[in-house]
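Let me begin by presenting the structure, written as structure tokens, before commenting on it.
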Amino acid sequence: MERVLKLLTASMAALAFVSFLDSGPKATAQAVISTGQSFVQGRLLSGTRQEDGTRLAGLRLSMESGWKTYWRSPGEAGIPPQFDWSKSSNVAAVEILWPRPSIFQSFGMETIGYEDRVVLPLRITPKDPGAVMFLALTANLGVCREMCVLERFDVSQIVAPETRPAGARQIDRAMADVPGSAVDLGLQLAECQITGQGKKRRLSMDIHFSRNLDNPQIMLEGGAGVWLSRIEAEQNDPGLLTVSADLGLIDGVSWVNRSDIRTTVLADGFAADVQGCAAPAD
């Protein structure tokens, strides 16, 4: 018996709501820039130093009651988060690891994000593992209830190699919710085909896991310049997901790399990150 999946579009649809320019965030009619009361608070958690010299830290976001913020790709309608670490020192790279999000209805469309509180684990690579790091973050976040507000805040922290762990348990719990490697979770096949020309094209994908997925949900990301919409998916056999979507390009001439197609598959007790897809076998 065919089962139609719950579908999410995690793509560039957020561009219809907001674009962040060098001069700061600008929003359309459904979002305003916060000028007073803040609906989200951010705090850096220093976490723990790893054996390889990196640091597993965290960013804790606490929302006011009823307010939500967005996942890395916000869904059919939402404001994509932006994080600027450029004022940090002795920091070579910061990787944000995104825990499993929730699904919300906003303005009649499905969005992806978090409510109440979330800890985003941070994998921080210092330039000099033996020296002090200064972590300085400027964050631009959309937070929504009946309306959306653009929040900008700054947080900073000095972290030395000998800094005692802080927030490690919170970070560990968040890490347990980060979708794992699809290969490690039984991915057997991830193939996709892109057809059409110009700005409007079509994506067809087959994803096969070695296990049945209960109540699966799919989130698609297409990379820079790619807009995914009208997603349809079915699970006809245990673990076999058939996905199709309209794929739009901003300029109509860009090359779409299959390696940029990213699929997050969520099910009961299951969360997998599928990185890229191969061309169908002959």
Side-chain angles (χ1 to χ4, degrees), residues 1-13 71-76 95-104 109-114 121 123 174-197 200-249 254-282:
M1 179 178 180
E2 295 187 354
R3 177 168 49 173
V4 178
L5 306 181
K6 298 177 183 178
L7 302 175
L8 298 173
T9 307
S11 66
M12 292 186 63
W71 189 55
R72 64 170 182 254
S73 189
E76 292 180 313
E95 179 187 6
I96 300 175
L97 304 171
W98 295 86
R100 178 181 184 136
S102 298
I103 303 153
F104 307 107
M109 292 175 281
E110 288 185 324
T111 58
I112 310 166
Y114 308 99
R123 184 174 288 124
M175 283 293 294
D177 279 339
V178 174
S181 165
V183 174
D184 295 340
L185 292 171
L187 178 68
Q188 296 183 330
L189 175 76
E191 292 183 345
C192 62
Q193 184 175 15
I194 300 170
T195 56
Q197 297 179 347
K200 296 182 179 180
R201 308 186 192 185
R202 188 72 177 166
L203 172 70
S204 301
M205 182 184 302
D206 288 328
I207 303 173
H208 193 191
F209 285 93
S210 59
R211 53 172 289 178
N212 186 49
L213 303 177
D214 294 325
N215 302 314
Q217 297 172 321
I218 294 177
M219 290 170 279
L220 286 178
E221 300 167 81
V226 176
W227 182 295
L228 291 164
S229 61
R230 294 180 57 192
I231 299 174
E232 298 177 353
E234 294 177 341
Q235 181 174 235
N236 296 319
D237 296 312
L240 177 59
L241 308 177
T242 302
V243 183
S244 62
D246 287 344
L247 188 154
L249 298 176
S254 297
W255 180 264
V256 181
N257 291 316
R258 288 183 174 87
S259 61
D260 291 336
I261 303 296
R262 187 174 186 179
T263 310
T264 301
V265 181
L266 305 179
D268 294 347
F270 181 88
D273 185 5
V274 183
Q275 298 271 0
C277 50
D282 294 333

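All values derive from a computational prediction rather than experimental measurement.
Annotation: salt bridge (Lys or Arg N to Asp or Glu O under 4.0 Å) contacts of Arg100 (sequence neighbours excluded): none. Listed by chain and number, the residues in a side-chain contact (heavy atoms from CB on, under 4.5 Å) with Ser259 are Asn257 (sequence neighbours excluded). Judged as a side-chain contact (heavy atoms from CB on, under 4.5 Å), and not counting sequence neighbours, the contacts of Leu189 are Glu191, Asp206, His208. Contacts of Arg123 classified as salt bridge (Lys or Arg N to Asp or Glu O under 4.0 Å), with partners at least two apart in sequence or in another chain: Glu95. For Asp237, the side-chain contact (heavy atoms from CB on, under 4.5 Å) partners two or more places apart in sequence, or in a different chain, are Leu240.
The CG atom of Asp260 sits 12.0 Å away from the CH2 atom of Trp255 when rounded to the nearest 0.5 Å. Taken from OG in Ser204 to CD in Gln193, the straight-line distance is 6.0 Å, to the nearest 0.5 Å. Here the straight-line distance linking atom CD of Gln217 with atom CD1 of Ile112 works out to 9.5 Å at 0.5 Å rounding.
At least one side-chain heavy atom of Cys192 sits under 4.5 Å from a side-chain heavy atom of Leu203. Side-chain contact between Asp246 and Arg202 is present, with at least one heavy-atom pair separated by less than 4.5 Å. Using a 4.5 Å heavy-atom threshold, the side chains of Val274 and Leu187 count as touching. Side-chain atoms of Gln235 and Pro216, non-hydrogen and from C-beta on, do get closer than 4.5 Å to each other.
Nearest approach of Leu97 to Met175, heavy atoms of both residues: CD1-SD, 3.5 Å. Here the closest non-hydrogen pair linking Tyr114 and Pro101 is CE2-CA, 3.7 Å. Of all non-hydrogen atoms in Leu249 and Leu247, the two that sit nearest each other are CD2-CD2, 3.9 Å. Here the shortest heavy-atom pairing between Phe209 and Leu185 reads CD2-O, 3.8 Å. In plain terms, the two heavy atoms of Ala245 and Ile231 that are nearest each other are CB-CG1, 3.6 Å.
The salt bridge (Lys or Arg N to Asp or Glu O under 4.0 Å) analysis of residues 176-187, with sequence neighbours excluded, yields no pairs.
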Please table the atom pairs, donor to acceptor, closer than 3.5 Å between any side-chain atom in residues 261-273 and protein atoms at least two apart or in another chain.
unit_1 : atom_1 : unit_2 : atom_2 : d
Arg262 : NE     : Asp273 : OD1    : 3.1
Arg262 : NE     : Asp273 : OD2    : 3.4
Arg262 : NH2    : Asp273 : OD2    : 2.7
Thr264 : OG1    : Arg72  : NH2    : 3.4
Asp268 : OD2    : Asn215 : ND2    : 2.7
Asp273 : OD2    : Gln275 : NE2    : 3.0

